[in-house]
*Asks:* 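The structure that follows is given in the form of structure tokens.
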Amino acid sequence: MHISDNGSGELTLYGDFTITLKVLDLTTNGAPNLNSLMTFTQQVITSKLRGGGYKSGVIYFEYNSSTKSFNFRKNHTYSIRYNFNCGVNVIQINMLSQLKGNDFVLAVVDSIGHQFTDQYGKKHNSGGLAQRDGGPAVVSYNEWRKNKYIGVHEFFHTLGLGDIEDLSKKDRLMYHLGDNTSYNISDNERGDMMSFLMRNISDMTKGTYSYTNLNFNTLDLLRRFLKDTTNGFKYNKAKFR
Amino acid sequence: MVLNIIKLSFGSFLFLFIVACVNKPKSKDNIVSNKKILKDCRYYAYDAQQIVSNLGCYNCHVRTNERLFEIPTFSEISIIDSLKLITYAFTKKHKGWYDKSGTFKKSRMDTLSDCEIRSAIRYIKDYNRDTPPMSSH
């Protein structure tokens with residue numbers, strides 16, 4: 001991980017990192033198309049995170065490029081370019097013991113009973129649900145087959161993005177009212193996801209840094225999420241023991 | 001004598017009447033205007049998130065359990081009372097950086113409308129509330 005300062009208030013963050021999304025099949029009758037859905041999801045996540053992200057007007061600590069460190073006593077307003085080379089692995093797991101710490105997880109269930117009302121007062125069924133900022137994501141297998149982007153949409157909630165209901169933005173991946181015309185991600189949204197993944201930019205100056213956090217209990221979050229009756233998940237409980 | 005008293009009383013009454021007429025409609029207009037702004041202020045979670053994100057709150061108030069130095073995490077600031085949060089964000093804890101005369105006086109925080117500030121505060125507050133999960137159709 002490296003930081004480059006162009007001297008005119010723009011920091012470029014670059015380096016390589018890999019994201020792993022673990023898929024847990026909790027369907028009653030199995031999910032025959034799961035592999036192709038996972039491959040599609042991996043390709044889309046990779047392409048959407050490619051090309052970096054951009055955030056302007058970011059107030060942070062002043063960076064000293066000669067010492068490659070931040071001065072925590074002084075602030076500075078930066079534009080930040082995220083030019084990471086981001087590898088993505090979407091893999092299937094079969095045992096709960098394969099979930100650790102702050103792993104990203106996407107559980108596949110039979111159906112989701114949860115409904116939501118949009119800002120125009122219309123009710124919708126949910127094809128997927130997620131807890132933002134690192135939390136678990138869940139998709140209904142049948143809905144995922146109908147709309148292959150749902151897995152990516154839910155995972156991007158995990159990476160901190162919110163839902164869009166503005167009818168003029170039907171071309172955006174985070175638009176969630178079902179009549180999308182396309183599935184685009186803005187540079188700003190990409191910057192938001194990168195910002196979430198990096199969490200603390202100053203950690204980048206520590207050399208090799210692992211973003212693994214064993215104190216974060218994804219498995220427990222997923223357990224509570226699945227048990228929450230307001231979400232209306234139907235799944236094979238025997239697979240989640 | 002009586003005539004002078006009547007004149008004085010009438011003069012005072014006229015003066016107070018003019019002052020009252022000059023001031024009252026102005027303050028009423030402000031109240032109506034403020035009520036209209038608040039009535040028209042609808043909360044859109046995505047837009048509120050963009051405000052918070054563009055302000056860069058997450059850079060210092062990190063979304064992890066561990067603080068960046070002694071700076072409260074995003075989760076910690078979300079449990080602060082709404083009114084205190086406004087004071088906290090604009091003056092006290094930010095050492096006046098975002099005030100009209102502060103270091104970042106030109107930052108977008110100073111240009112936010114009342115509605116945008118309310119939305120940002122609600123978004124921050126919602127972070128710790130048991131809000132419905134994000135969904136897709």
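Letters go in sequence order (proteins before strands), and every chain restarts at 1.
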*Asks:* Dump the intermediate steps for side-chain contact (heavy atoms from CB on, under 4.5 Å) on Ser195(A) and Arg63(B), then the final yes or no.
*Replies:* CA-CA 10 Å; Ser195(A) 156; Arg63(B) 287 169 288 175; 3.9 Å; yes
*Asks:* Out of Ile80(A), Asp192(A), Asn180(A), Val138(A), which one racks up the most heavy-atom pairs below 4.5 Å with chain B?
*Replies:* Asp192(A)
*Asks:* Less than 4.5 Å apart, side chain to side chain, heavy atoms only: is that true for Glu165(A) and Tyr44(B)?
*Replies:* no
*Asks:* Just checking, any donor-acceptor pair under 3.5 angstrom between side chains of Asp133(A) and Tyr127(B)?
*Replies:* yes
*Asks:* Roughly how far, to the nearest 0.5 Å, is the CG atom of Asp163(A) from the CD atom of Gln49(B)?
*Replies:* 9.5 Å
*Asks:* Under a plain distance cut-off of 3.5 Å, with no hydrogens placed, do Glu189(A) and Tyr46(B) share a side-chain donor-acceptor pair?
*Replies:* yes
*Asks:* Would you say Lys68(A) has more than 12 foreign heavy atoms packed within less than 6.0 Å of its NZ?
*Replies:* no
*Asks:* Name the member of Tyr175(A), Phe72(A), Tyr149(A), Phe61(A) that forms the most heavy-atom pairs with chain B at distances under 4.5 Å.
*Replies:* Phe72(A)
*Asks:* Please name the pair of heavy atoms, one in Arg42(B) and one in Gln119(A), separated by the smallest distance, quoted to 0.1 Å.
*Replies:* NH2-O, 3.0 Å
